[in-house]
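None of these values were measured; they are calculated from a predicted model. Labels below follow one simple rule: chain letters A, B, ... track the order of the sequence lines, proteins then strands, and each chain is numbered from 1.
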Amino acid sequence: MSAEPRPQSPWQTATITRIEKRTPRVTSFWFQPSRPFVHEAGQHVDVRLTAPDGYQARRSYSIASAPEAGAGIELAIERLDDGEVSPFFHDVAAVGDEIELRGPLGGHFIWQVDDGGPILLVGGGSGVVPLMAMVRHRTLSNTAVPVALVFSARVWDEVIFRDELIGLDDRRDGFDLVLTLTREPARRPSDYSRRIDARMMMQAIERLPKPPRLAYVCGSNTFVSAAAEALIEADMPASLIRTERYGV
Amino acid sequence: MVTRGFFSGRRPPTDTDARIPPGQYLEQGFPVLSAGPTPRVRTEDWSFTLKHGPKPIKKWNWAEFNALPQSKMTRDIHCVTAWTKFNTPWQGVMIDDILADAGIEPPTAYTLALSFDGYSTNVPTKDLVTGKAMVALLYEGKPITSDHGGPARLLVPHLYFWKSAKWVNGLQFTGRDEPGFWELRGYHMYGDPWREQRYSSDR
Ligand SMILES: Cc1cc2nc3c(=O)[nH]c(=O)nc-3n(C[C@H](O)[C@H](O)[C@H](O)COP(=O)(O)OP(=O)(O)OC[C@H]3O[C@@H](n4cnc5c(N)ncnc54)[C@H](O)[C@@H]3O)c2cc1C
């Protein structure tokens with residue numbers, strides 16, 4: 001784990017360059033920061049919205065794009081209907097808008113190809129976003145490092161990045177995708193239709209050529225707690241499990 | 001910079017404005033954040049050690065620690081992820097009382113709080129003494145749950161809440177200000193919410 005001080009990351013403006021609906025509740029926003037930065041897969045940015053009277057709301061969003069993807073960054077934001085910031089992005093934000101953000105932030109929930117593997121990624125809902133950056137980073141690095149992603153979504157249509165993930169899975173190049181749908185039957189032979197449990201984690205670990213060097217778990221707090229417990233029950237040492245909790 | 005089209009109706013009541021540090025919002029719940037799985041520490045296995053550098057000064061088991069004088073603190077807490085929660089009621093042992101039981105004055109100006117899961121965080125010693133901080137044992141009158149750092153967590157309410165180390169099992173006095181777990185990963189060495197010292201590059 002690298003422990004160098006992180007580079008400065010002051011507030012800056014970034015322009016929205018593209019908006020694309022990913023699922024009924026998740027939309028991706030691409031930002032071009034006025035001062036471009038290089039991030040590591042798994043890091044996030046903080047976003048700050050300011051009302052005319054000076055009131056500010058601030059939230060964290062993981063970066064979905066790979067470090068190699070270029071100067072712009074992709075954020076994938078899930079709409080919480082009674083939320084303050086996510087509905088703003090879904091209902092108001094438009095291409096060309098300037099948004100204040102700072103980053104890259106976070107020095108714990110990161111993975112670089114050079115850190116090695118195998119790696120087990122476990123994501124729930126929008127918790128897949130930083131894991132997607134890791135998967136994309138792996139792909140763009142042309143490496144054979146074994147990576148398995150267990151991605152829990154409610155239904156097939158809420159599997160964020162679905163086509164891209166299945167396309168990568170089909171390459172059979174050391175990346176393995178396991179989907180588990182909690183409210184619909186499984187669609188692919190390798191998939192599940194239940195909440196994550198120890199047996200599922202054990203089977204995910206068995207898909208890797210040897211026990212994972214690290215596991216990364218991201219999602220809502222309840223998801224992360226349950227998945228981390230399941231991993232520990234599947235004999236994964238707690239010290240090898242890194243978590244990122246989205247709060248509520 | 002005003003954000004086009006952002007007119008949030010969610011404002012803290014003006015009489016509480018002065019209690020919310022810059023960039024924070026008021027939270028009614030109690031979100032959980034941590035770097036790894038939640039350790040389940042049984043009170044039978046629990047201990048608390050006061051150290052000067054690597055050298056232990058005094059160690060307490062759960063019963064001994066609970067027999068120390070207990071105090072209550074009700075404080076606003078501020079998480080670096082931007083939520084602030086008002087009037088959180090804690091009970092535990094003030095750091096002053098831990099030092100008094102060990103019969104020492106703080107030997108150095110800096111302290112590392114150590115945790116069962118290997119986590120650590122640095123706090124200047126002066127921010128722990130004179131009634132500023134405690135090792136909390138109860139929250140809202142009940143044992144602290146493991147996801148909130150139980151059986152015992154540090155409580156340094158005037159700094160961002162990551163300084164209030166969960167699952168605390170010791171304090172180590174250090175000769176210099178040594179960064180802890182999060183501080184090595186880009187978080188601020190001091191963490192004053194009123195000066196918005198979130199990340200290492202913040203002044
Ligand atoms: C490191 C990190 C990375 C993250 N990455 C992502 C990501 O990649 N994608 C993503 O979608 N999210 C991500 N999140 C979560 C994100 O930061 C926000 O928490 C999320 O978008 C909700 O914000 P909001 O303003 O829309 O909702 P909020 O206004 O924060 O409300 C959240 C929920 O709490 C309730 N609530 C809380 N307070 C109130 C109140 N006063 N009034 C009404 N309701 C309230 C609401 O019911 C709502 O559903 C990340 C979080 C962290 C910490």
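- Salt bridge annotation for B:E27-B:K85: absent, with no cationic side-chain nitrogen under 4.0 angstrom from a carboxylate oxygen.
- In this structure, chain B has a heavy atom under 4.5 Å from the side chain of A:T13, while its backbone stays farther away.
- Heavy atoms from other residues, nucleotides or ligands lying under 6.0 Å from CD of A:E20 number more than 12.
- Only the side chain of A:I232 comes within contact range of chain B, judged by heavy atoms closer than 4.5 Å.
- Near-neighbour residues of residues 38-54 of chain B relative to chain A, defined by a heavy atom under 4.5 Å from a heavy atom of that chain, comprise B:T38, B:R40.
- A:S225 and A:R245 are linked by a side-chain donor-acceptor pair at a separation below 3.5 angstrom, with hydrogens and angles left out of the test.
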For this session: Output, in order, the C-alpha distance, side-chain angles, deciding distance and verdict of salt bridge (charged side-chain N to carboxylate O under 4.0 Å, His left out) for A:R22 and A:E74.
Result: CA-CA 12 Å; A:R22 293 273 186 196; A:E74 175 188 354; 2.8 Å; yes
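- Between B:H188 and B:Y160, a ring centre-to-centre spacing not shorter than 6.0 Å is recorded.
- Looking at residues two or more places apart in sequence or on another chain, you find a salt bridge (charged side-chain N to carboxylate O under 4.0 Å, His left out) between B:E196 and A:R58, B:R198.
- Side-chain N/O atoms of B:Y190 and B:D177 include no donor and acceptor closer than 3.5 Å.
- Contact annotation for A:E98: both backbone and side-chain heavy atoms come within less than 4.5 Å of a heavy atom of chain B.
- Heavy atoms of A:A94 lying under 4.5 Å from chain B belong to its backbone as well as its side chain.
- Comment: A:R102 does not engage A:D46 in a salt bridge, judged by the lack of any side-chain N to carboxylate O separation of less than 4.0 angstrom.
- Both the backbone and the side chain of B:A35 come within less than 4.5 Å of a heavy atom in chain A.
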